[in-house]
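Each remark here refers to the structure printed beneath this line.
Since we're looking at a predicted model, the values are computed, not measured.
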Amino acid sequence: MGDRAQRRYGTDHPCVEVADNLPGVVLVRGTKDRDGGTLHVAAASWQSFVDLAKRLGPTV
């Protein structure tokens, strides 16, 4: 996973890294605690989450 989120938003904002280049699974972890574990999400579930986030838009 890369640090694209940190480069875009800086280090003051909570960010996650997303690896979506694996078949059938998406890996998610926090950028501030990279050794703190990785969440494994089914690719279809991740896509549903992304679609919902796009429909709802930013809340901040």
Side-chain angles (χ1 to χ4, degrees):
M1 290 185 243
D3 61 351
R4 180 176 31 180
Q6 279 186 301
R7 286 195 310 268
R8 182 171 178 187
Y9 297 108
T11 58
D12 294 335
H13 300 281
C15 296
V16 295
E17 296 176 322
V18 176
D20 59 359
N21 60 337
L22 302 168
V25 67
V26 175
L27 307 178
V28 183
R29 69 179 178 188
T31 56
K32 294 193 183 256
D33 186 12
R34 290 187 171 128
D35 295 326
T38 302
L39 178 65
H40 297 210
V41 181
S45 297
W46 181 258
Q47 189 59 57
S48 294
F49 168 74
V50 170
D51 293 343
L52 177 63
K54 286 179 181 178
R55 280 197 314 271
L56 294 178
T59 60
V60 176

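More than 12 heavy atoms of other shown residues, nucleotides or ligands fall within 6.0 angstrom of atom CG in D51.
Considering every non-hydrogen atom in both V26 and A43, the closest pair reads CG2-CA, 4.0 Å.
Summarising the geometry, atom CG belonging to D33 is positioned 6.5 Å from atom CG belonging to D35; distances are rounded to the nearest 0.5 Å.
Between F49 and V41 there is no side-chain heavy-atom pair separated by less than 4.5 Å. You'll find the side chain of R29 stays beyond 4.5 Å of the side chain of V16, heavy atoms only.
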